[in-house]
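Read through the structure below, which is laid out as structure tokens, and then see the notes.
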Amino acid sequence: MLTLLALLAVLAGCGSNTSGVTVKFDEDLKEAIAELARTDGSRSLKELAPGDWTSVHVLTGPASGARIEEELGRPAEIEGDGTYGGDYVQDGNLLVFQRDDDIVRMVSLGQLAALGAGEYRADVVLRAHGGGITMTGPDGRPAGR
């Protein structure tokens, strides 16, 4: 009986990663980031991608499902736009938005790979210069966890 209860507790803890979250292509976000790069502007990612998220993992594809899980530090189901067989097959950025330790949204930017890979807090700012974008904190210092 104790073994069954322990197994159920472990299984309940494993269910909080990607349950019901699939990759969606976001044309509006892609265009907003591309426009930002063209105009040498700066905007917070939270302004461009509003929602109830506290951090974002930015990956650049193509990326295997195993590599994505390794970078996220936990299992993740990779399916939806820009995916095939559990892998992210696009050449561009994949954004995995999280609220604490739960994945709340996964966004494909298609073939746009303008953002640097890494994990960033919700206050990250995209600063464009000369067609490239750097990720900084609100104070202008390099961002990342």
Side-chain angles (χ1 to χ4, degrees), residues 6-145:
L7 179 62
L8 288 174
V10 168
L11 290 174
C14 292
S16 65
N17 51 48
T18 63
S19 157
V21 178
T22 60
V23 178
K24 302 279 187 194
F25 176 65
D26 191 329
E27 178 73 29
D28 292 338
L29 181 57
K30 175 189 165 230
E31 287 304 316
I33 292 171
E35 179 64 21
L36 185 68
R38 285 190 291 273
T39 61
D40 282 351
S42 67
R43 296 195 44 203
S44 74
L45 183 57
K46 191 75 155 177
E47 182 182 341
L48 297 174
D52 187 18
W53 55 274
T54 57
S55 66
V56 61
H57 266 91
V58 178
L59 301 112
T60 301
S64 69
R67 185 180 123 215
I68 293 169
E69 288 183 353
E70 182 180 313
E71 292 205 24
L72 295 177
R74 68 174 168 281
E77 296 173 25
I78 308 301
E79 60 183 33
D81 295 336
T83 70
Y84 180 79
D87 298 329
Y88 182 67
V89 297
Q90 290 290 324
D91 290 330
N93 290 130
L94 172 67
L95 282 66
V96 181
F97 293 97
Q98 302 171 117
R99 180 179 47 252
D100 304 318
D101 289 328
D102 293 328
I103 295 173
V104 295
R105 185 172 158 205
M106 290 190 285
V107 172
S108 168
L109 297 182
Q111 294 186 348
L112 180 67
L115 305 179
E119 183 178 3
Y120 304 95
R121 296 184 334 201
D123 63 356
V124 68
V125 176
L126 310 182
R127 296 185 191 279
H129 182 71
I133 294 179
T134 57
M135 312 279 275
T136 71
D139 59 2
R141 293 184 185 171
R145 287 195 163 188

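Values in this document were obtained by computation on a predicted structure and should not be read as measured data. Computed over heavy atoms, backbone and side chain alike; hydrogens, waters and symmetry mates excluded.
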- Message: If the threshold is 4.0 Å, N to carboxylate O, is there a salt bridge linking E70 and R67?
- Response: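 No, this pair does not count.
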
- Item | ring pair (Phe, Tyr, Trp, His ring centres under 6.0 Å) pairs, two or more places apart, involving residues 49-71 |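 Applying ring pair (Phe, Tyr, Trp, His ring centres under 6.0 Å) to every pair that reaches into residues 49-71, excluding sequence neighbours, yields W53-F97.
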
- Task: Under the side-chain contact (heavy atoms from CB on, under 4.5 Å) rule, what do L95 and D26 come out as? Steps first, then yes or no, please.
- Result: CA-CA 10 Å; L95 282 66; D26 191 329; over 6 Å; no

Donor-acceptor contact below 3.5 Å, side chain [X] vs main chain [Y]:
| X | Y | answer |
| --- | --- | --- |
| N93 | L115 | yes |
| T54 | A122 | no |
| K46 | G51 | yes |
| R43 | A32 | no |

Starting at [atom1] of [X], measure out to [atom2] of [Y] and round the result to the nearest 0.5 Å.
| X | Y | atom1 | atom2 | result |
| --- | --- | --- | --- | --- |
| S42 | E47 | OG | CD | 9.0 Å |
| L112 | I33 | CG | CD1 | 6.5 Å |
| R105 | K24 | CZ | NZ | 11.0 Å |
| E35 | K30 | CD | NZ | 12.5 Å |
| L126 | S44 | CG | OG | 8.0 Å |

- Message: Assess the residue pair V96 and E71 against the criterion (side-chain contact (heavy atoms from CB on, under 4.5 Å)); give the C-alpha distance rounded to whole Å, side-chain angles, the decisive distance to 0.1 Å, and a yes or no.
- Response: CA-CA 11 Å; V96 181; E71 292 205 24; over 6 Å; no

Minimum-distance pair of heavy atoms, taken over all atoms of [X] and [Y]:
| X | Y | result |
| --- | --- | --- |
| F25 | L109 | CE1-C, 3.7 Å |
| G137 | A143 | N-CB, 3.6 Å |
| A113 | G92 | CB-CA, 3.9 Å |
| T60 | D91 | CG2-O, 4.0 Å |
| G131 | D40 | N-OD1, 3.8 Å |
| D81 | S108 | O-CB, 4.1 Å |

- Query: Is there side-chain contact between E119 and V56, with heavy atoms separated by less than 4.5 Å?
  - Reply: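 No - every pair of side-chain heavy atoms lies 4.5 Å or more apart.
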
- Item | Pairwise side-chain contact, D52 with V104, heavy-atom cut-off 4.5 Å (strictly under) |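 No; the side chains remain at least 4.5 Å from each other.
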
- side chain to side chain contact (heavy atoms under 4.5 Å, CB included) partner of I68, chosen from D87, T83, L94: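 Testing I68 for a side chain to side chain contact (heavy atoms under 4.5 Å, CB included) against D87, T83, L94 leaves exactly one candidate, L94.
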
- Check whether more than 12 heavy atoms from other residues, nucleotides or ligands sit under 6.0 Å from atom CD of E27, and answer yes or no.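 For E27, atom CD is crowded (more than 12 foreign heavy atoms under 6.0 Å).
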
- Query: Heavy-atom count around R141 CZ within 6.0 Å, excluding the residue itself: above 12?
  - Reply: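 It does not: R141 CZ has 12 such atoms or fewer within range.
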
- Classify the side-chain pair T22/E79 by whether it contains a donor and acceptor separated by less than 3.5 Å.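 T22 vs E79: no donor-acceptor pair found between side chains.
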
